[in-house]
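Reviewing the structure listed below.
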Amino acid sequence: MTDKIVTRFAPSPTGYLHIGGARTALFNWLLARKTGGTFILRIEDTDLKRNTPTATQQVIDDLRWLGINWDEGPEIGGPNGPYFQSQRLDIYNKYVRRLLEQGKAYYCFESPQELEKLRKEAEAQKKGYVYQRPAVLPTEADVEKAKAQGRDVTIRFAMPDGTITINDLVRGEVNFNSAELGDFIIIKSDGFPTYNFACVIDDYLMKITHVIRGQEHLMNTPGQQALWQTLGFGEPPKYVHMSVTISEGGGKLSKRERPKTLRKAIKAQADIDLNKLAQVGQISIEELNAFLAGDSTPDMPAIEAIAEYCGVTLPEINVVDFCKSGYVPEAMVNFIALLGWSPGDKKEVMPLDELIQCFDITRLTKSNSLFDRSKLLSFNMEHLKLLSKEKLREHLKAYLKAVNSPVAQADDQKLLHLIKICEGARTLADIENKCRFLFVEDDEIEYDQKAVQKVLLKDNGLEMLKIIRERLQDIGELSEEKIENMLRGLAEEKQVGLGKVAQPLRVAICGTTISPPIFDSIQLLGKERTFKRIDNTVHKFS
RNA sequence: GCCCCCAUCGUCUAGUGGCAUAGGACGCCGGGUUCUCAACCCGGUAACAGGGGUUCGAGUCCCCUUGGGGGUACCA
């Protein structure tokens with residue numbers, strides 16, 4: 001019998017979960033679920049400067065939204081806790097002492113500035129920089145002395161000589177020369193462990209069997225493996241270094257893209273009131289100028305507020321962005337899974353359980369893949385069709401709440417009805433857009449000028465509207481059927497297409513040329529409100 | 001600069017030496033359907049980066065070139 005597979009997702013809490021992180025989490029989760037193994041969530045909060053207090057919660061919320069649950073970790077605990085690295089300092093220290101005593105780790109006293117200088121010098125000679133291990137390792141007395149002088153004290157791992165071979169489950173053997181890797185820091189001057197150290201200790205203690213992570217970690221693996229062996233931890237975990245997800249703009253899909261898009265958009269608009277923008281984003285004009293010059297980046301809320309004010313659509317990067325754009329988690333998971341992996345047959349659109357069923361870690365692609373939003377959109381539509389009505393309604397409900405839509409007033413039954421008449425929608429946002437007119441006040445309709453010109457003014461649409469109003473008066477209790485008969489009859493009588501009748505009515509009730517089928521729309525709005533809107537429209541544009 | 005990874009339609013991919021006139025999906029283009037948007041139906045376009053080997057035979061194996069990506073931190 002083979003041992004149970006244990007995987008983990010180990011994010012550092014620096015903000016919302018982004019697509020790359022979601023994909024890493026997903027593959028680890030899929031492997032665990034496929035094999036009946038354990039999936040652990042571990043928070044790598046060893047960088048005091050970068051961590052934000054709310055980030056852990058954001059990551060947790062995003063994972064839950066995606067449907068990725070963990071067997072051990074924050075909120076639920078487990079036998080290998082704590083699951084926050086910042087709470088495991090004494091554990092790391094124990095292993096550091098062991099290495100120190102064996103002369104396999106040693107103290108260093110260089111400041112970051114001094115190291116930077118050495119690095120620059122190596123660069124100037126076109127050589128890669130490696131830290132030079134002193135012939136005689138510093139003693140505890142040296143540490144005391146350095147501390148007394150106010151110097152930084154760090155601890156480095158003494159990398160053993162020779163070639164390090166890592167065996168990647170999808171890439172095969174990859175070789176590294178340990179002399180080129182150098183002795184890396186395992187304990188920072190603030191006493192916290194570095195990623196490369198804490199990760200090894202925790203993977204060992206948590207009995208992780210498979211480490212699936214991005215290609216950006218490939219260069220960390222030999223050092224971690226050497227550490228693993230030096231500590232006598234036995235057989236290292238199996239490694240998989242996934243391909244990277246590339247953005248449509250080229251380069252790694254990164255959160256920098258959102259500010260970048262906004263900057264470009266603002267610069268493209270010639271006459272724009274910068275003071276107003278700063279005010280909208282609640283930042284100073286200096287900060288705004290620094291941002292436009294590319295010198296700094298304000299916080300996300302500021303970016304988003306300014307973008308909304310300018311009417312600029314920011315590219316989605318974080319999981320929440322997609323949520324707010326009306327994507328459904330089932331589609332996200334399905335799409336992300338197919339980025340750098342394929343089941344091998346022709347199946348693409350799959351529900352979660354099927355995804356788990358056919359998952360095979362060795363089928364990961366080696367090459368990077370580009371994040372194609374139009375394919376995601378298509379997947380989202382397919383999943384909207386696949387989802388049960390109840391599940392879809394729950395998603396829609398959560399979405400409406402998240403974007404603070406007036407449609408949120410609708411009760412469960414109404415929501416189901418709206419979903420039905422919006423069949424063919426590609427996102428939840430499509431449904432919201434189409435149905436919002438039902439939930440705004442009759443005299444707060446915003447008219448789309450193009451629609452008004454084309455449908456109401458050019459083609460005698462207003463006259464048609466008046467006739468429709470009269471006919472509507474006559475048909476008594478509204479039903480889709482009666483409305484349809486009336487409108488079709490009218491079109492036939494006037495020898496025109498149904499569009500000539502339906503479009504003016506549509507613009508009158510919702511201000512745009514886009515709505516659910518006109519018969520359903522009128523029926524839902526009701527007679528009184530329809531009349532009111534027709535009257536308002538006729539009055540306004542006559 | 002140095003280290004490492006990768007390379008099939010525009011994009012995601014199938015392909016593990018003969019099943020291949022290279023398959024699917026998204027996109028795109030053309031047509032149909034239609035009260036708007038979307039959906040839906042039919043059809044079409046389009047790829048093995050280049051050059052050397054190995055082999056009876058190469059998208060598939062090897063080498064070089066080129067291109068893309070990642071890393072090069074007291075970040076993770």
Side-chain angles (χ1 to χ4, degrees), chain A residues 10-14 44-47 49-50 85 108 110-112 115-116 119 122-130 152-156 168 171 174-177 180-182 184-196 198-199 213-222 241 243-244 246 248 250-252 335 338-349 365-379 381 385 422-427 430 433-434 451 455 484 487-488 491 497-503 505-507 510 512-519 521:
Chain A
S12 66
T14 55
E44 308 221 324
D45 53 350
T46 55
D47 184 0
K49 293 182 289 292
R50 287 209 319 167
Q85 290 189 324
C108 316
E110 291 82 7
S111 68
L115 290 171
E116 182 59 31
R119 233 174 260 126
E123 169 98 22
Q125 291 170 45
K126 304 194 174 200
K127 281 195 292 202
Y129 171 73
V130 235
D152 286 343
V153 179
T154 56
I155 302 175
R156 278 175 197 267
D168 184 293
R171 282 167 211 275
V174 187
N175 296 303
F176 300 88
N177 181 353
E180 277 163 358
L181 263 21
F184 57 91
I185 289 177
I186 56 176
I187 297 291
K188 300 183 265 189
S189 58
D190 63 5
F192 274 66
T194 57
Y195 162 73
N196 275 317
C199 179
R213 56 186 11 165
Q215 194 202 174
E216 64 268 25
H217 287 290
L218 190 52
M219 303 303 278
N220 290 141
T221 305
H241 294 91
S243 59
V244 174
I246 308 290
E248 276 139 321
K252 221 165 77 169
F335 180 72
L338 257 30
L339 228 49
W341 176 78
S342 99
D345 54 22
K346 287 173 182 170
K347 263 256 164 69
E348 290 207 326
V349 176
T365 309
K366 289 191 256 191
S367 51
N368 295 341
S369 39
L370 195 134
F371 192 89
D372 179 2
R373 286 186 168 75
S374 67
K375 186 151 183 172
L376 169 63
L377 195 59
S378 153
F379 267 60
M381 188 197 81
K385 282 193 255 182
C422 288
E423 215 173 0
R426 311 202 305 186
T427 65
D430 286 350
N433 276 328
K434 268 190 182 178
V455 178
E484 177 160 4
L487 291 178
R488 285 199 193 280
L498 184 55
K500 291 275 184 275
V501 181
Q503 285 301 73
L505 183 53
R506 177 170 273 126
V507 174
C510 65
T512 73
T513 54
I514 299 169
S515 88
I518 193 69
F519 322 121
S521 297

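Chain A is the first sequence line, chain B the second, and so forth, proteins listed ahead of strands; every chain is numbered from 1.
Here the separation of B:G51 from B:U66, taken at their C1' atoms, is 10 Å to the nearest Å. Comparing the C1' positions of B:A47 and B:C28 gives a spacing of 15 Å, expressed to the nearest Å. Across B:G27 and B:C5, the matching C1' atoms stand 29 Å from one another, rounded to whole Å. Atom C1' of B:U45 sits at a distance of 16 Å from the matching atom of B:A25, rounded to the whole Å. When the C1' atom is compared between B:G23 and B:C6, the two are found 23 Å apart, to the nearest whole Å.
A:Glu348 comes within 4.0 angstrom of a nucleotide base, judged by non-hydrogen atoms across all strands. Residue A:Lys434 is in base contact, counting any heavy-atom pair closer than 4.0 Å across all strands shown. Across all strands shown, A:Gly497 has no heavy atoms under 4.0 Å from either base or sugar-phosphate atoms. Nucleic acid contact class of A:Ser374 (heavy atoms, under 4.0 Å, all strands): sugar-phosphate only. Looking at heavy-atom distances under 4.0 Å, A:Arg50 makes contact with a base. Across all strands, A:Gln503 comes closer than 4.0 Å only to sugar-phosphate atoms, never to a base (heavy-atom distances). At the heavy-atom level, A:Phe519 lies under 4.0 Å from base atoms of the strands shown. As judged by a 4.0 angstrom heavy-atom cut-off over every strand, A:Asp430 is placed among residues making no nucleic acid contact. Among the atoms of the strands shown, base atoms are found under 4.0 Å from some heavy atom of A:His217. If you check every strand for non-hydrogen atoms under 4.0 Å, A:Ser111 touches a base. Using a 4.0 Å heavy-atom criterion, one finds that A:Asn177 contacts no nucleic acid atom at all. Residue contacts for A:Gln215: at a heavy-atom cut-off of 4.0 Å it reaches a base atom on one of the strands shown. Residue contacts for A:Glu484: at a heavy-atom cut-off of 4.0 Å it reaches no nucleic acid atom on any strand shown. Within 4.0 Å (heavy atoms only), A:Asp345 reaches no atom of the nucleic acid at all.
Using cut-offs of 30° and 60° on the angle between ring planes, the pair A:Phe335 and A:Phe371 is perpendicular.
The nearest pair of heavy atoms linking A:Arg506 to A:Ile518 is NH2-N, 3.4 Å.
Each of B:U13, B:C26, B:C4 was ranked by its minimum atom distance to the side chain of A:Lys375; first place goes to B:C26. The side chain of A:Arg506 lies closest to B:U36, out of B:C74, B:C12, B:U36. For A:Lys385, whose side chain is taken as the heavy atoms from C-beta onward, the closest listed nucleotide among B:C40, B:C74, B:G10 is B:C40. The nucleotide whose nearest atom lies closest to any side-chain atom of A:Asp372 is, among B:C26, B:C74, B:U13, B:C26. Among the nucleotides B:C75, B:G27, B:C35, the one closest to any side-chain atom of A:Ser378 is B:G27. Of the listed nucleotides (B:U11, B:U13, B:C35), B:C35 has the atom at the smallest distance from the side chain of A:Pro517.
Phosphate contact (OP1/OP2 of B:A76, side-chain N/O of A:Thr46, threshold under 4.0 Å): present. Using a 4.0 Å cut-off, some side-chain N or O of A:Lys49 falls inside it from OP1 or OP2 of B:C75. Taking only side-chain nitrogens and oxygens, A:Ser369 comes nearer than 4.0 Å to OP1 or OP2 of B:U13. The phosphate of B:U72 (OP1 or OP2) has no side-chain N or O of A:Arg119 nearer than 4.0 angstrom.
With a cut-off of 3.5 Å on both Watson-Crick or G-U wobble distances, the partner of B:A38 is given as none. The base-pairing partner of B:U66, taking Watson-Crick or G-U wobble contacts with both distances under 3.5 Å, is B:A7. Partner assigned to B:C29 is B:G43, using Watson-Crick or G-U wobble distances below 3.5 angstrom. Base pairing of B:C2 is made with B:G71, judged by Watson-Crick or G-U wobble geometry with both donor-acceptor distances under 3.5 Å.
Residue A:Arg171 places no side-chain atom within donor-acceptor reach of the base of B:C5, judged by atom type and a 3.5 Å distance cut-off alone. Contact annotation: side chain of A:Asn368 to base of B:C6, donor-acceptor pair absent below 3.5 Å. In this model, no side-chain donor or acceptor of A:Asn196 finds a partner on the base of B:A76 within 3.5 Å.
RNA chain B is contacted by both A:Ser367 and A:Pro516; A:Ser367 maps to the nucleotide lying nearer its 5′ end (nearest heavy atom per residue). In terms of position along RNA chain B, the nucleotide closest to A:Trp341 lies nearer the 5' end than the nucleotide closest to the other residue of the pair A:Ser12 and A:Trp341.
At least one side-chain heavy atom of A:Glu348 sits under 4.5 Å from a side-chain heavy atom of A:Phe379.
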Test salt bridge (charged side-chain N to carboxylate O under 4.0 Å, His left out) on A:Arg50 and A:Asp47 and set out the steps. CA-CA 6 Å; A:Arg50 287 209 319 167; A:Asp47 184 0; 3.6 Å; yes
